[in-house]
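Let me begin by presenting the structure, written as structure tokens, before commenting on it.
These figures come from a predicted structure and were not determined experimentally.
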Amino acid sequence: MATSSTAPAKEPAWHASLPAPRNSTPDSISRDELLEMFSKKDRSVKDFVLVDLRRTDYEGGTIHGSINLPAQSLYPTIPSLYAIFAAAGVKKVVWYCGSSKGRGSRAAGWFDDYIKDQGNKEMRSVILEGGVAGWAGAGEEYVKLMDGYVESAWK
């Protein structure tokens, strides 16, 4: 008796049912630039927001002050997020995931598309180069700006 062996069906990517961002190459910011933004003399004026897009791989800590909005649930919330960020005077939205190569670039592209659709020339949507893994691996001055940092998660 012959048995057939079939591999389980591969689930489509979480973003497969969503439109691709029109801006497939959003701007980026280096971790050095972000570190400099943290060290502005007037800390009472914070005109940027950090968004950590991790869901199932959310471990080892996050960059201080980040909000966690898993990429899988982001797309339908973009209009509300934009309204909140615009009302708060946010000038730069910095998106990241583990490496910022998939979820980060997709989220930054979608949000950049929305900003442009609104005619907003003040707000920017950017990716953190290297993601949170790059931040955690960049040395003590970066790690001290992480909440919930767990060293063993980054080895």
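Here the CG atom belonging to L53 is positioned 8.0 Å from the CG atom belonging to N68, to the nearest 0.5 angstrom. Separation of atoms NE2 (H15) and CH2 (W110) is listed at 7.5 Å; rounding is to 0.5 Å. To the nearest 0.5 angstrom, K101 atom NZ is 14.5 Å from R106 atom CZ. Taking CD from Q72 and CZ from R55, the interatomic distance works out to 4.0 Å, rounded to the nearest 0.5 Å. Within the model, atoms CD1 of I78 and OH of Y114 stand 9.0 Å from one another, a figure rounded to the nearest 0.5 Å. Within the model, atoms CD1 of I63 and CG of L34 stand 6.0 Å from one another, a figure rounded to the nearest 0.5 Å.
Between the side chains of T62 and D52, a donor-acceptor pair is found at a separation under 3.5 Å. Side chains of S39 and E36: no donor on one and acceptor on the other come within 3.5 Å.
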Note to self: Let's go through E129 and S28 carefully: what are the C-alpha distance in whole Å and the side-chain angles of both, what is the deciding distance for side chain to side chain donor-acceptor pair (under 3.5 Å) to 0.1 Å, and is it a yes or a no?
What the structure shows: CA-CA 6 Å; E129 292 172 5; S28 62; 2.9 Å; yes
Next item on the list: Go through W95 and V126 one step at a time and tell me if the side chain to side chain contact (heavy atoms under 4.5 Å, CB included) criterion holds.
Entry: CA-CA 6 Å; W95 306 90; V126 300; 6.0 Å; no
Note to self: Show, in sequence, the C-alpha distance, side-chain angles and deciding distance for T25 and N23, and conclude whether the side chain to side chain contact (heavy atoms under 4.5 Å, CB included) test is met.
What the structure shows: CA-CA 6 Å; T25 56; N23 180 356; 3.8 Å; yes
Check: Does the side chain to side chain contact (heavy atoms under 4.5 Å, CB included) test come out yes or no for M146 and V132, once each step is laid out?
Finding: CA-CA 10 Å; M146 289 185 72; V132 69; 4.0 Å; yes
Next item on the list: Decide yes or no on salt bridge (Lys or Arg N to Asp or Glu O under 4.0 Å) for E151 and K155, but give the supporting numbers first.
Entry: CA-CA 7 Å; E151 184 176 1; K155 300 226 180 243; 3.1 Å; yes
Next item on the list: Would you check, one step at a time, whether the test side chain to side chain donor-acceptor pair (under 3.5 Å) holds for S66 with Y96?
Entry: CA-CA 10 Å; S66 296; Y96 67 90; 2.7 Å; yes
Notebook entry, point to check: Are E122 and D47 close enough, and set up right, to give a side chain to side chain contact (heavy atoms under 4.5 Å, CB included), and what steps lead you there?
Noted result: CA-CA 11 Å; E122 301 292 318; D47 60 356; over 6 Å; no
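The shortest side-chain heavy-atom distance between I67 and V49 falls under the 4.5 Å cut-off. A 4.5 Å side-chain heavy-atom check between L69 and L81 finds at least one atom pair inside the cut-off. Looking only at side-chain heavy atoms (C-beta outward), M123 and K91 stay at 4.5 Å or farther from each other.
Cluster membership check: V93 shares its hydrophobic cluster with Y75, using side-chain heavy-atom separations under 4.5 Å among Ile, Leu, Val, Met, Phe, Trp and Tyr. Hydrophobic cluster membership is shared by I29 and F48, with clusters built from Ile, Leu, Val, Met, Phe, Trp and Tyr side chains linked at under 4.5 angstrom. Placement of L145 and V150 in two distinct hydrophobic clusters is found when ILVMFWY residues are connected by side-chain heavy-atom separations under 4.5 Å, directly or transitively. In the hydrophobic clustering of ILVMFWY residues, with side-chain heavy atoms under 4.5 Å counting as a link, L35 and W154 come out together. Taken together through direct or relayed side-chain contacts under 4.5 Å among Ile, Leu, Val, Met, Phe, Trp and Tyr, Y58 and L50 form parts of separate hydrophobic clusters.
Contact detail for P26 and G109: the closest heavy-atom pair is CG-N, 3.7 Å. Pairing each heavy atom of G102 with each of S105, the nearest pair is O-OG, 3.2 Å. For the pair S125 and A107, the tightest heavy-atom approach, listed with the atom from each and the gap, is OG-O, 4.4 Å.
At distances below 3.5 Å, at least one donor-acceptor pair connects side-chain atoms of S100 with backbone N or O atoms of L128. Looking only at distances, a side-chain donor or acceptor of W135 sits under 3.5 Å from a matching main-chain atom of Y142. Although no hydrogens or angles enter the test, the distance criterion places a donor-acceptor pair under 3.5 Å between the side chain of R54 and the main chain of E59. Judged by distance alone, with hydrogens and angles left aside, the side-chain atoms of T77 form no donor-acceptor pair with the main-chain N or O of S80 at under 3.5 Å. Q118 places no side-chain N or O within donor-acceptor distance of the main-chain N or O of I115, the cut-off being under 3.5 Å.
Ion pairing between R103 and D57 holds under the 4.0 Å rule for side-chain N and carboxylate O.
The only member of D113, D112, N120 that meets side chain to side chain donor-acceptor pair (under 3.5 Å) when paired with K116 is D112.
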